[in-house]
Number of protein chains: 2
Amino acid sequence: MGDDDLLRKAGLRVTAARLAIMQTVRDGDHLDVDGVHRGVRRRVGQVSLQAVYDSLHALHRAGLVRKIEPMGSPARYEARVGDNHHHLVCRRCGTVTDVDCTVGVAPCLEPADDAGYVVDEADITFWGVCPSCQR
Amino acid sequence: MGDDDLLRKAGLRVTAARLAIMQTVRDGDHLDVDGVHRGVRRRVGQVSLQAVYDSLHALHRAGLVRKIEPMGSPARYEARVGDNHHHLVCRRCGTVTDVDCTVGVAPCLEPADDAGYVVDEADITFWGVCPSCQR
DNA sequence: CCCTTAACTTGAGTTATTCAAGTTTACGAG
DNA sequence: CTCGTAAACTTGAATAACTCAAGTTAAGGG
């Protein structure tokens, strides 16, 4: 299924800007809004930064992109969605690396005691220093 | 051991503002910087917002308070530190609730594949809707 | 009781993000 | 196909959280 179908299925209109955003996020590696903006303009020419914010917001609400926000750094977006994977973030350089879920399918989705909450997502970030910053 | 000793042991000077910050964070429930500021002024009178930022930063570096930053909301601080507990955050009202670690002591500290990172902290946030917002 | 330097104050600056108002465009209805 | 409308986009200003900088105060070792 193409990106256009995914958009339509989510009740969103298909525009060049949105297709370019989806491609850029998929090709990129946890890009921030500015990075997405640059990628989009390289593909389809001038698009305003606000359009990128707006579209990423819409895509996120529709579940087509995932948003992560490591503390102290701007929000980042990725295409892998719905597979409950997590992130390693480097304290030095801020690089984000995917980690698959520890034990099988979705063991991290449920807390021991949910305190009455209806939980729909688990957001797990491991903090450390990446190989190239360890030198 | 009193807060003053904790501060000294961390190589920090003991001031009324810092003691008040530590008390406020301990008494409060995941307060943001503004909440801490209010609590501190109630205890010791006028203290600048920047002093609160500065001190919280120092206390955090010293490991005396823990900082959490749920996406989309300002940073929050708590006194429970070093016990690897996690958080439930309400999507509606933003309330933060502590959850103890799922399986025993520190099972969540290590990812399945650390990709060469030296991991020192795991930050786990469960997103959902709290009991009082479910009505 | 000084002296040094950490801690604090005041005030301005930065950055990521949002708000608002007006214009354009996708796309379903006719 | 073309028309109307709401979604999408544009431009520009505003906001919130936080940081930076320069000068003042005060903790605590000598």
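Worth saying up front: this structure is predicted, and the values here are computed from it rather than measured. Every chain is numbered from 1, with letters handed out A, B, ... down the list of sequences.
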Closest to side chain of B:P74, choosing from D:dA17, C:dT17, D:dA8: D:dA17

Round to the nearest Å and state the distance from B:Y53 atom OH to C:dA7 atom C1'. 18 Å

Any A:V96 side-chain heavy atom under 4.5 Å of A:I68 side chain: yes

Separation of B:Y77 atom OH from D:dC18 atom P, in whole Å? 7 Å

What is the separation between atom CZ on B:R61 and atom C1' on C:dA7, rounded to the nearest whole Å? 12 Å

Name the nucleic acid region contacted by A:A17, choosing base, sugar-phosphate or nothing; use a 4.0 angstrom heavy-atom cut-off, strictly under. sugar-phosphate

Using a heavy-atom cut-off of under 4.0 Å over every strand shown, decide if B:T15 touches base, sugar-phosphate, or nothing. sugar-phosphate

Indicate whether OP1 or OP2 belonging to D:dA8 is found under 4.0 Å from a side-chain N or O atom of A:S55. no

Between B:L56 (CG) and C:dC8 (C1'), how many Å, whole number? 14 Å

Sugar-phosphate only, base, or nothing, as touched by B:E69 at under 4.0 Å among non-hydrogen atoms: nothing

Can you tell me how far the CG atom of A:L59 sits from the CG atom of A:D3, to the nearest 0.5 Å? 9.0 Å

Should A:L6 and A:M1 count as side-chain neighbours, where that means a heavy-atom distance under 4.5 Å? yes

Contact nearer the 5' end of DNA chain D, comparing B:V14 with B:H57: B:H57

Side chain to side chain, B:E78 and B:H87, heavy atoms closer than 4.5 Å: yes

Select one nucleotide: of D:dA17, D:dA6, C:dC8, the one nearest the side-chain heavy atoms of A:R13. D:dA6

So, does A:R18 get its side chain near the phosphate of D:dA8, meaning an N or O under 4.0 Å from OP1 or OP2? yes

Please report the distance, rounded to the nearest Å, between NE2 in A:H37 and C1' in D:dT10. 11 Å

Quick one: which of C:dT5, C:dT10, D:dA8 gets closest to the side chain of B:Q46? C:dT10

With a 3.5 Å cut-off and heavy atoms only, can you find an N or O donor on one side and an acceptor on the other between the side chain of B:Q50 and the base of D:dT19? yes

What's the CE-P distance between B:M22 and C:dA7, to the nearest Å? 13 Å

Looking across every strand, which nucleic acid part, if any, lies under 4.0 Å from B:A75 by heavy atom: base, sugar-phosphate, or nothing? sugar-phosphate

Rounded to whole Å, please give me the gap between CZ in B:R41 and C1' in C:dT9. 14 Å

Rounded to whole angstroms, how far apart are CG on A:D54 and P on D:dG12? 18 Å

When you check the side-chain N and O atoms of A:H30 and A:D98, is any donor under 3.5 Å from an acceptor? yes

